[in-house]
Visitor: 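Dumping the structure here so I can ask a few things about it.
Proteins get letters first, then strands, A, B, ... in listed order; numbering begins at 1 in each.
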Amino acid sequence: MGYLGGGNERGLLKTIDWSLVICYLILVLIGWVNIYASIQSTEISSIFDWGARSGKQFIWILTSLVLAGVILFAISPRIYDGLSIPAYILTICLLLAVIFLGIEVKGSRSWFEFGPIRFQPAEISKIATSLLLARMMSRSDYRITRMKDFIKTAFVILLPMLIIVAQSETGSALVYVGFIFMLYREGLSGWLLAIIGLIIVAFILTLITSTYTAIFVMTALITIAISLSSKHRYILFIAIPVLFLLGFLPEIYSKISENIDNPESFILKIKPLYILIGAICIAIPFILMKAFRERNKFAPFAIITLIGAVVLIYSTDFIFNNVLQDHQRKRIEVLLGIKDDPMGVGYNVNQAMIAIGSGGFSGKGFLNGTQTTYGFVPEQSTDFIFCTIGEEWGFLGCLVVLGLYVFLIWRITSDAEKSREAFTRIYGYCVACCLSMHLFINIGMTLGLMPVIGIPLPLISYGGSSLWGFTILIFIFISLYRNEKKYF
Amino acid sequence: MENRRIKLIIGLLVVIGIYLCRLFYIQVLDDKYERGADKNSKVYNTIYPTRGIIYDRNGKILVGNKVSYNLMITPSEIKEEFDTTALAAVLDITPDFIKEKMDEYAKKRRSIGFRTITFLKQIPQENYIKFAEIAYRFPGFTGQIRSIRDYPYNAGGNLLGYVSEVDEKYIEKHPDEYKAGDYAGKTGIEAAREKDLRGEKGYNILLRNSKNQIEGHYADGMFDKEAIPGNNITTTIDAELQHYGQMLMNNKVGSLVAIEPSTGEILTMVSSPGIDVDILTDIGKHYGNIVSDPYKPMYNRAVQAPYPPGSVFKIVNGLIGLQEGVFTPQTRYECKNGYHFGKNRLGCHSHKSPVDFEESIMMSCNAYYCYVLRGILENPRYGSIDEATNRWREYVMSFGFGQELGSDFPAEARGFIPNADYYNKYYRKGGWKATTVISISIGQGEILCTPLHLANFSATLANRGYYYTPHIIKDSENIKIDDKYKERHYTMVDTTHFHKVIGGMYLAVNSPPGAGGTASMAAVAGLDICGKTGTAQNPHGNDHSVFICFAPKDNPKIAVAAYVENAGWGGSWAAPIASLLTEMYLNGEISPERKYMEKRMLESNLLHKITIKKK
C-alpha cells in the first residue's frame, strides 16, 4: 500500500487509460446479457438468478472487477518484472499437475476442480508467459536476431504450448502461435512470419477445404507477392485475370461436366487440379528467367516456398488419409473439430451458421432468438456465444462487437508504442496477440472459416477462469501503462 | 518499429474485414440460413380436415368417417431400452416386430433425424386406450388420431372408390397440393370428387427446441390456420337398391345398372364381382389379392366393359328403319328358321312366321331385322352403301352409343359403332354389301357397348325418345351439378315411332304363356314391365345373358340394364335379375310367387362358366 498517493504523482484516476476500461466493461456487459439470452428455458428467470449461468457470470464479473481494482490500486506494477520467473515456473508446474490431478472435461485434462469452482491453468499461463517474455526481451542485451536469444524466446513460448497440447487443449495451445506477431514487432524477420503464416493457412485449408483450394490460395498469395516485389508490376495485369479464371475453374468444370453425357469424354479426364499444376509449371521458368535478369532474389525464394507449400499440402493430405491409423486420424479430426459430433460432419458449424445467418441485418431482438434459446447451437453460452449475438442482434450487433475488439487491440498496441519501457511495450503486444488469436479462432470457427477449436471469446464467453484470466491480463497492462504516465 | 505496428494492425483489419464480409453474406445476402432456422425450430403441426360425407339419394350415409388411431414414433427421443414385451402386448403385435422396426430406424437414423413418423397404423380403439394408460413408460411414442372412412352399407364399393395415403408418384402429379401422410381418393366417386371431399388442411405453427420438445405456439397462434372440412356429397344412388343389386349379382360376372328415366340419375350401378366396402378402408393390405383375382374386381364393368349388345340392339335398328320409312309396323317378314342369303343363313329360333314389327320384338326374330337392315343400308335414297351406313351410324350414335356418354363417372369406355370407312378398310372399298355386315342387324358383329350405354338406351325408350346424361352426383346445396345433366338429348328418331317398340317390349314380358314372349320370367303383376332380351354371342365362351327393361309402361320410374357374362339365354338370367331389381325398387319387396326366383338368383354361382383369359 505504500506505493499509493505519492506527493509528486499525477491524479490517480487521470493516469488510467479509461477508454480501455470502458471498452472492457462494455464487452463484459454484452457477454453477460447474451449469456442470459442463451439460457435454454421457457420460464424466464431473473438475470441475477444464481442457479442459472447468467447469475453465475454476474458473480464472476463482480469478482473480476474486484480483481481489476486490486491490480490497479493495490499492487505495485514494479513487482511484475521480478514476479515473472516464479509465476512462469508455478504455471508450468500447474500445467503439468493438471494432467495428472485434473478432471476430464470433453476429452481433455485441463481443469482443476475445487468444490463448485473449476479453474483452468492454461488461462493464467498466458499471463505468466507474457510477463516472462516481457522481462526477457526487455533486457538491454537482448537481440532477437541472435540465435541464442531467439531459441530462448522460442523455448519460453513452446514449453507451455506443448504441455497444453498434451492436455488435448489444442485451441488454447494455438493461441501461443499468436506471440509471433509480438516477435515480429520486436524485430523478427518478416519472412519467418510470412512462412509460418503460410504453413498454418496451407495446413488448415487442406484439412477443411480441398487440395485444389489450398494449392490455389498458396499460388495466388505467392504470385501476388512476386509481382509486387518485381520492378515490373504490370505482371499483375496478366496474373490477376489468370488467377481469377483459375479460382472459378472448379465451378466451370462442374458446370461443363454436368452437360456431358459421355463418361469417357476427354474433357472429364482433365481435372481442374491438373490445369492448375500445369499453369504453375509453365509460369515458373518465365518467372525465374525474369528474376535472374532483374537480380530479384525474392522470386526464387518465393517459388521454393510455393513448392514447399504444395509438398506440405500433399503430404498433409497423404499422411492424413493413408499413413495415419484410423484411431490416430479420428483423434486429429476431433482435435481439429472436423468430426467430433455424432450428427455428421460439420453439424455444429452448420447450426452455428444457421443461428447467425438467421439474424439478418438487425437481428431478431433480445431473447427472441429461436436457435440459441431452444438449444440448437452447441456450447451456446461458452465457445459459441457469438451465435447468440449474431441471431438476436444481427449484422449490426456483430459489427459493434467486432468494432469494440478492434478498438481494444488497437488501443493496447497504441499505448504500448507510446510506452517508454520495453517491458510495458512487449507485455502490451503479448496481450494484443492473445486477444487477436482468441478473436480469430473463435469467430472464424462460428463462421465456418476455421476448424472447430473450442476456445472462448474474450470477456464475453461464459466462464470464470476465462474472464478472470483476461481481466488480469488486460488490467496488468493498464496498470503498467498507468505507472509510466504517473511520472511524466 | 511503428511501421511494423501499422502492418500488424492492417493484418488485423483484413481478417476482421473478411469476417464482416462473411457475416454480411450469411446474414443479409443469403437467406438459406433463415430457412434453416425455420426448419430447425418451427413445426407445422398439420390439422387434417374431416373428409366430406357421401350420402345416397335418400339421405342415408354411404360413406362416413370414423376415428382411427395411429401410433407415431420419434426415434431420436428414444434414448434407452424400453419394455418391448409390454408394448407388444397392448398393441397385439410381436416383440420381434418392434425390434425389426427399431433396427430399421437405427439404419435410417440420418434421414429420419428429429422427425416423427408412423409406427403402427389403424390401431383398434381398445388397444389404443390400453396404450394410452401406459404411454408414460414409452417416451418417444405418441398417439395420433385421424379420421378414416366408414361404410355403413355394403353398397357400391367400386362406385365409391377408396381413399388411401398418397404415394410419391401422386405427390409428384399434384405438386403443392399433397404431402406425405395425406390421404386422397384414388378411384370412383372419391377420386372424381376429390376436390370437394378433401376439405382444406390447417396447421398450428409450434416452436420446438433441439430435443424436439414443443416450447409453445409461434407468435401466439397468430399465423395458425383452421382446417376446413370437406363438402358433403349426395349421390343419386339408392343404397338399399344398390345393396340388393349386388346381392343379385353375387357370384356372377357382369353388371347391373338402373337409371331414373325422368332425370338420368343412376339409381344402382353394380359391377360384379366388386370390391367389398369392408376392405376399402385398408385397401393396401388387400391390394395384392385384388390385383391377382382372375375376375378383376377393380374393373368397373358397368362403364368400362365393351360388350356386344345382342338382340337388344334390334330395337335400335327397328326404330331407324321406321324413321327412314323402309318398312312400317305392319310389314310382315318371313322367318324360315332364319334369314337366307345366297348360300348363307343367319339362324333363328323357331317361332311363328311371318311376324309383324311388334311380334318381332316380342319373339326376338332375327330374320325380321335382316330385312330391316338391308332396307336401311340398301335405301335408294342414299347414293351408296357407304352413305347409308354412315347415316345409320349417325342414328345409332344419337342414342348415346359409340361414345362416352359424358357421365360424371371417370373412365367411361366409348364402345364401338362401325362406319363405312371401317368396312372399307376391312373388306376394301366396294368389297362389301348389306349381307356382308348382316350380323349388326341383331347387335352382333363389330358393335360394342357398355352396360351404362344399355341402361341409358332403356331410359331413352322409357322416355319415348330422349335421355338425360346419366350421372351419379345429385344436385344439392353443397354441390351444384353441371347444367348438361339437365338437358334432354333427343334421338334422331321421331317420338311417335316409340309406342310400337314399347308395345313389343310389353308383350315380350307380359304375353300369355305359349304366345312366344321371350321375357316372361320378368313379368311382375301390376308393374307393367316392358323389356327386351338379348343373347350375345361372343368369342370367349357361352353366350352373355342380356336384358333391358323399364317400368311401369306409362310414366316409367326405373330403367334397367342387366348383363351377365357367359350365363346363356337372356330370358333365363338377365331378365329375372333386372325384373327383381325393378320389383324391389317399385314395390319395396318381392311378391311371394317370385320368391323362388329370387332365391335362385341370389344363390346361383355362375363363376364356373367364365373362361379366364390367361396372360
Visitor: The test is side-chain contact (heavy atoms from CB on, under 4.5 Å); show your working for Arg22(B) and Met353(A) and say whether it passes.
Guide: CA-CA 10 Å; Arg22(B) 177 79 164 174; Met353(A) 284 172 70; 3.1 Å; yes
Visitor: Is there a side-chain contact between Phe181(A) and Leu12(B) (heavy atoms, below 4.5 Å)?
Guide: no
Visitor: For Glu226(B), is the CD atom crowded, meaning more than 12 foreign heavy atoms sit under 6.0 Å from it?
Guide: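 Result for CD/Glu226(B): open.
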Visitor: Please, which pairs that meet salt bridge (Lys or Arg N to Asp or Glu O under 4.0 Å) have at least one residue in residues 400-414 of chain A, sequence neighbours excluded?
Guide: Asp17(A)-Arg411(A), Arg411(A)-Asp415(A)
Visitor: Does Lys195(B) have more than 12 heavy atoms from other residues, nucleotides or ligands lying within 6.0 Å of its NZ?
Guide: no
Visitor: Can you confirm whether Leu13(B) sits close enough to Trp410(A) that some side-chain heavy atom of one is under 4.5 Å from a side-chain heavy atom of the other?
Guide: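 Heavy-atom side-chain distance check fails, nothing below 4.5 Å.
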Visitor: Which pairs of donor and acceptor atoms, one on a side chain in residues 386-394 of chain A, lie under 3.5 Å apart (sequence neighbours left out)?
Guide:
unit_1: Glu391(A); atom_1: OE1; unit_2: Gln371(A); atom_2: N; d: 3.3
unit_1: Glu391(A); atom_1: OE1; unit_2: Thr372(A); atom_2: N; d: 3.1
unit_1: Glu391(A); atom_1: OE1; unit_2: Thr372(A); atom_2: OG1; d: 3.0
unit_1: Glu391(A); atom_1: OE2; unit_2: Lys364(A); atom_2: NZ; d: 2.7
unit_1: Glu391(A); atom_1: OE2; unit_2: Thr370(A); atom_2: N; d: 2.9
unit_1: Glu391(A); atom_1: OE2; unit_2: Gln371(A); atom_2: N; d: 3.0
unit_1: Glu392(A); atom_1: OE1; unit_2: Leu367(A); atom_2: N; d: 2.9
unit_1: Glu392(A); atom_1: OE2; unit_2: Leu367(A); atom_2: N; d: 3.4
unit_1: Glu392(A); atom_1: OE2; unit_2: Gly369(A); atom_2: N; d: 3.1
unit_1: Trp393(A); atom_1: NE1; unit_2: Asn34(A); atom_2: OD1; d: 3.2

Visitor: Which atoms of Leu23(B) come close to chain A, meaning under 4.5 Å heavy atom to heavy atom: side chain ones, backbone ones, both, or neither?
Guide: both
Visitor: Examine whether an atom of Leu435(A) lies under 4.5 Å from a heavy atom of chain B, and if so say whether it belongs to the side chain, the backbone or both; otherwise answer neither.
Guide: neither
Visitor: Under a 4.5 Å heavy-atom cut-off, does chain B meet the side chain of Ser414(A), its backbone, both or neither?
Guide: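 When you check distances to chain B, atoms from both the backbone and side chain of Ser414(A) fall under 4.5 Å.
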Visitor: Applying a heavy-atom distance below 4.5 Å, give me the residues of residues 123-133 of chain B that approach chain A, sorted by number.
Guide: none
Visitor: Just how far is it from atom CG of Leu447(A) to atom OH of Tyr19(B), taken to the nearest 0.5 Å?
Guide: 7.0 Å
Visitor: Working to the nearest 0.5 angstrom, can you tell me the gap between Thr413(A) OG1 and Arg5(B) CZ?
Guide: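 Separation between the atoms: 3.5 Å.
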Visitor: Under a 4.5 Å heavy-atom cut-off, does chain A meet the side chain of Leu8(B), its backbone, both or neither?
Guide: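 Contact with chain A involves the side chain of Leu8(B) alone.
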Visitor: Decide yes or no for Tyr405(A) and Ile16(B): does some side-chain heavy atom of the first lie under 4.5 Å from some side-chain heavy atom of the second?
Guide: no
Visitor: Taking only heavy atoms into account, what residues of residues 24-33 of chain B are found under 4.5 Å from chain A?
Guide: Phe24(B), Ile26(B), Gln27(B), Val28(B), Tyr33(B)
